Visitor: 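This is the structure I have questions about; it appears just below.
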2 protein chains.
Amino acid sequence: MDEARPSRRKSITPPGVTESTAQIDMGVLPHLMGYMLRQAQLLVYQDFHHAVAAGSPGIRPPQFSILEVVNRNPGLRPSDVATALGISRANLVPLLTDLATLGWLRRVDDETDGRAQSLHLTPLGATQLEDLRAKILPHEDRLATRLGPVGRDMLLLLLHALTTPDGETPSSGQK
Amino acid sequence: MDEARPSRRKSITPPGVTESTAQIDMGVLPHLMGYMLRQAQLLVYQDFHHAVAAGSPGIRPPQFSILEVVNRNPGLRPSDVATALGISRANLVPLLTDLATLGWLRRVDDETDGRAQSLHLTPLGATQLEDLRAKILPHEDRLATRLGPVGRDMLLLLLHALTTPDGETPSSGQK
DNA sequence: TATTGTTATACTCTATAACTATA
DNA sequence: TATAGTTATAGAGTATAACAATA
């Protein structure tokens, strides 16, 4: 019985997200933004890992985002970082602790508000962040070559439009 | 060192995550595909949850993907589902078990190959899948209104280009 | 009372290694 | 030996509740 499917050959197709599914009907999945966003994000995250893992173990996208935001906004508070990156305060704590343990980030108790802290990058953290950018940007550029000359800008524009609630102005967000 | 930023400059990128972070400089993050893909995916996944949670508890994107693929390819094997969706065989097992426990999916031992199984949706599973589609597609459409008339197709096209290794033909998955 | 940082907990997703039973 | 399904485990990300100190 069974064998509703003809010819199950052992045609092992190379790994990757969608390539090995050539003869499988994916149904509506390729038409769902959620599914395709997940696949794309997995791919880019793998690229991030390849770009960063060797040289900066333990640094993943969230850690990089924290470094970037704190570097651009010295003295920022954990609470603000959490809302800016969409991370809960509770989940931010161990990330900040790890970065502080590395000596890349300092937590300074606020003098006017006994509850608050001010976050700053150490000189080491600043140079490491530069190093991370120098690794990440080329890899993103390499991936972007799959999208054609204006594809990357178009993708970012669409993603901004998607994540921008409504009355925002995403038109001024490009470099 | 480096930039020595003057207090709180309103730099080039207001858009991004939320409007409450308007005065925070997000640096290069809004220009990174990885960061924006993550933000977009979180948003769409929240939408998925809102669309599905009430009525089908426990059904998340991976479960839906499995149902969709098995429905379109009756008799498919777990191994094929795993590679098609980018999930490891090991991690697929509990997902299939849950769906089987719900009575939505059957695991039939293959008669010619004692190691293999054939996956099929039960009649209940098929109707439930129809129900899920009827909930998910409108919510995706609603999100897509932020992207303009051709924005959604453009986004899907770019995501396909990004996740397609190189000389592949993404048309095999198109409807 | 409300907020800030924190702790603790639980659940999901992901990544490996290793086992069984078949082939 | 190789494969299919499975088990077990560990790690990361996410989501809540609750707490102490402070406002």
Side-chain angles (χ1 to χ4, degrees), chain A residues 2 8-12 15 17 34-35 37-39 41-43 45-46 48-50 52-53 57-66 75-83 85-100 105-119, chain B residues 20 34-35 37-39 41-43 45-46 48-50 52-53 57-66 75-100 105-119:
Chain A
D2 62 51
R8 171 155 307 280
R9 291 301 86 185
K10 307 179 65 177
S11 58
I12 301 300
V17 185
Y35 177 80
L37 284 170
R38 170 177 170 265
Q39 302 299 123
Q41 198 219 336
L42 286 177
L43 181 79
Y45 266 44
Q46 283 181 352
F48 185 101
H49 186 260
H50 282 111
V52 167
I59 300 300
R60 282 168 301 283
Q63 282 82 357
F64 173 76
S65 297
I66 294 169
L76 204 62
R77 296 179 180 180
S79 177
D80 296 324
V81 175
T83 58
L85 299 180
I87 308 173
S88 70
R89 282 169 300 157
N91 292 333
L92 183 64
V93 173
L95 300 176
L96 293 177
T97 301
D98 290 348
L99 291 174
L105 179 141
R106 276 185 307 146
R107 287 193 257 207
V108 181
D109 290 336
D110 192 304
E111 296 180 355
T112 72
D113 190 334
R115 303 168 299 179
Q117 299 174 350
S118 293
L119 301 179
Chain B
S20 60
Y35 177 80
L37 285 171
R38 170 176 170 265
Q39 301 301 124
Q41 198 220 338
L42 286 177
L43 181 78
Y45 265 44
Q46 283 181 354
F48 185 101
H49 185 260
H50 282 112
V52 168
I59 301 300
R60 282 168 303 283
Q63 282 83 357
F64 172 76
S65 298
I66 293 170
L76 204 62
R77 296 179 181 180
S79 177
D80 296 324
V81 175
T83 57
L85 299 179
I87 307 175
S88 70
R89 280 170 301 158
N91 292 333
L92 183 64
V93 173
L95 300 176
L96 294 178
T97 301
D98 291 346
L99 290 174
L105 180 141
R106 275 185 309 145
R107 287 192 255 206
V108 180
D109 289 337
D110 192 302
E111 297 181 354
T112 71
D113 189 335
R115 303 168 297 179
Q117 299 172 350
S118 295
L119 300 179

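Everything numeric here is computed off the predicted structure, so don't read it as measured data. Numbered from 1 within each chain, the chains take letters A, B, ... in sequence-line order.
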Visitor: By nearest heavy atom, map A:Gln63 and B:Leu96 onto DNA chain D; which one lands nearer the 5' end?
Guide: B:Leu96
Visitor: Would the distance check show the side chain of B:His50 and the main-chain N or O of B:Gln46 forming a donor-acceptor pair, the cut-off being under 3.5 Å?
Guide: yes
Visitor: Send over the distance from A:Phe64 CZ to D:dA12 P, rounded to a whole Å.
Guide: 19 Å
Visitor: I need the CG-C1' distance between A:Leu95 and D:dG11, as an integer number of Å.
Guide: 13 Å
Visitor: May I ask you to verify if any side-chain N or O of A:Arg107 is less than 4.0 angstrom from the OP1 or OP2 atom of C:dT6?
Guide: yes
Visitor: Do any side-chain nitrogens or oxygens of B:Arg77 fall under 4.0 Å of OP1 or OP2 in D:dA4?
Guide: no
Visitor: With the side chain counted from C-beta on, respond yes when A:Leu95 and A:Ile87 share a heavy-atom pair under 4.5 Å apart, and no when they do not.
Guide: yes
Visitor: Find the distance A:Leu92:CG to C:dT7:C1' and express it as a whole number of Å.
Guide: 14 Å
Visitor: Using atom CG of A:Asp110 as one end and atom P of D:dT22 as the other, report the distance to the nearest whole Å.
Guide: 13 Å
Visitor: Which letter, B, S or -, goes with each nucleotide of nucleotides 15-23 of chain C from 5' to 3', with contact meaning a protein heavy atom under 4.0 Å?
Guide: BBB---BBS
Visitor: Rounded to whole angstroms, how far apart are CD on A:Gln41 and P on D:dA12?
Guide: 17 Å
Visitor: Which residue lies toward the 5' end of DNA chain C, A:Arg38 or A:Gln117, if each is placed at its nearest nucleotide?
Guide: A:Gln117
Visitor: Test your reading of the model: is there a side-chain donor-acceptor pair from B:Gln63 to the backbone of B:Arg60, 3.5 Å cut-off?
Guide: yes
Visitor: Would you check, one step at a time, whether the test side chain to side chain donor-acceptor pair (under 3.5 Å) holds for B:Thr97 with B:Arg107?
Guide: CA-CA 9 Å; B:Thr97 301; B:Arg107 287 192 255 206; 2.6 Å; yes
Visitor: Report the distance from atom CD1 of A:Ile87 to atom P of D:dG13, rounded to the nearest whole Å.
Guide: 9 Å
Visitor: Just to verify, which of B:Ile59, B:Asp98, B:Leu92 counts as forming a side chain to side chain contact (heavy atoms under 4.5 Å, CB included) with B:Ile66?
Guide: B:Leu92
Visitor: Could you go step by step and tell me if B:Tyr35 and A:Phe64 meet the side-chain contact (heavy atoms from CB on, under 4.5 Å) rule?
Guide: CA-CA 10 Å; B:Tyr35 177 80; A:Phe64 173 76; over 6 Å; no
Visitor: Return no unless some side-chain N or O of B:Arg60 is found under 4.0 Å from OP1 or OP2 of D:dT14.
Guide: no
Visitor: Roughly how many Å is it from CG in B:Leu105 to P in D:dG5, rounded to a whole number?
Guide: 12 Å
Visitor: Calculate the interatomic distance between B:Tyr45 atom OH and D:dT14 atom C1'; express it in whole Å.
Guide: 13 Å
Visitor: Quick one: list whatever passes salt bridge (Lys or Arg N to Asp or Glu O under 4.0 Å) with B:Asp113, sequence neighbours left out.
Guide: B:Arg115
